[in-house]
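All remarks here apply to the structure that follows.
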Amino acid sequence: MGPDLHSTPDFRRGDDDAERAQLERLAPSLFAIQGDEPFNVPEHFFDRLPHEVQAKVLDQERKTLAFGWLWRIAIAAPVAAVLFGAWWFTRSTPATNDPAAITSDAETIPAISDLEGLEEDDLLFAVALDNDRSPEAADPELTDEELLDYLDQNADLNELISEL
Amino acid sequence: MTEHTDKELLALFRDERSRNYAFNLLMRQHQQRLYGFVRRMVSDPDDAKDVLQNTFIKAWHGLETFREDSQLYSWLYRIAHNESINHLNKMNRVLFVSSDTVAERLCGTLDDSEHFSGDAIQQKLQRAVMKLPTKQRAVFIMKYFEAKKYTEISAITGTSIGALKATYHIAVKKIEVWVVADQTKSPT
């Protein structure tokens, strides 16, 4: 059993004479009740209470802090997801004003489709031709005059005959 | 225990390094008197402990912004008063029973000598007090058991002095009737 609630004298009925007289007149049975404080306090109650209260306060503050962060994350995460989604779906492909880039795409697609159905040898031959291409090969047609000028300047008839 | 003034306690509390120490001092200084009121209000020691703990937890959160135009004890008492009434109202709501049934349940510990050492007439008195509506009960306890001035009770309850006098008068008459009736039924 712990200590009594009050170690001070009986508080009842106060120290106001007028109030005491009024109470005696109004409620004589109540006025006549005497006695010490009847409530007992559990053992060590007042020693433990401050520690229990402070532990609860700390616990509450920890929870509030954790809940505060969770609350912020709970709001921030969906907002970030929505913003990312909006950026992802509305982003445009890189724009270009270079006509060469546009036409090269347009020409490449039919060229690739042209290659379909060709044998491997045909492809290798086409690649070899492409590599050997020179300005002359690109346009082998010469006029008669150009041919005669060339022969006049460079060709030795005897050598040509010997080659034949 | 050395009593500290409100100013000293508040100065210590407002310093982050001594906050816990200050609050510990504050509790040790006021807990017994507050417990006396709360215990009479709810009667049950476990309920009294819950109410007192909530009182101090609320005080911890409110002390930072406490205005020094009233005494710390009156301020704490006001919180304890409100917490007691809230606790009793909550019990009525949660248990879906009348306030008389709640009072009867709370009076259960009066038969236990571990918790109550009063004689038969004191037990009758406490049972009669528990029959009062919560606000009347609070006023009766503050006036009859603690001999508080009406001005002080008015500051705690937020009720006018005239209304408090009327409330106390009604409560006293009710208790007198119940105590006398009980004595007539089973004289001790």
So do B/F23 and A/P50 actually touch side chain to side chain, heavy atoms under 4.5 Å?
no
Please check if B/M27 and B/Y73 belong to a single hydrophobic cluster, counting links between Ile, Leu, Val, Met, Phe, Trp and Tyr side chain heavy atoms closer than 4.5 Å.
yes
Residues in residues 51-61 of chain A near chain B [non-hydrogen atoms, under 4.5 Å]
A/H51, A/E52, A/V53, A/Q54, A/K56, A/V57, A/Q60, A/E61
For B/Q123, is it the side chain, the backbone, both or neither that has a heavy atom under 4.5 Å from a heavy atom of chain A?
neither
Let me confirm one number: the CG-NZ distance from A/L30 to B/K173, rounded to the nearest 0.5 Å.
13.5 Å
With rounding to the nearest 0.5 angstrom, report the OH to CD1 distance, B/Y144 to A/I33.
5.0 Å
For the atom pair CG (A/L26) and NE2 (B/H169), what is the distance rounded to the nearest 0.5 Å?
5.0 Å
With hydrophobic residues grouped by side-chain heavy-atom distances under 4.5 Å, do B/L10 and B/F56 end up in a single group?
yes
Following the transitive rule for hydrophobic clusters with a side-chain heavy-atom cut-off under 4.5 Å over Ile, Leu, Val, Met, Phe, Trp and Tyr, establish whether B/I170 and B/L132 coincide in one cluster.
no
Is the NZ atom of B/K131 crowded by more than 12 outside heavy atoms at less than 6.0 Å?
yes
Over 60° means perpendicular and under 30° means parallel, so tell me whether A/F45 and B/Y35 are parallel, tilted or perpendicular.
tilted
Quick one: which of B/N20, B/L26, B/L110, B/I175 has the most heavy-atom pairs under 4.5 Å with chain A, could you say?
B/N20
Answer key: most heavy-atom pairs under 4.5 Å with chain A among B/Q53, B/K148, B/Q31 is B/Q31
Shortest non-hydrogen contact from B/R28 to A/F46?
NH1-O, 3.5 Å
Non-hydrogen atoms of A/E37 and B/S117 that approach each other most closely:
O-OG, 4.4 Å
Using a 6.0 Å cut-off, check whether atom CD of B/E8 has over 12 heavy atoms from anything other than its own residue.
yes
Apart from A/W88 itself, what residues make up its hydrophobic cluster, given side-chain heavy atom links below 4.5 Å?
A/F84, A/W87, A/F89
If I take atom CZ from residue A/F39 and atom CZ from residue B/R40, how far apart are they, to the nearest 0.5 angstrom?
5.5 Å
With heavy-atom distances below 4.5 Å as the criterion, would you say the side chains of B/Y168 and A/L23 are in contact?
yes
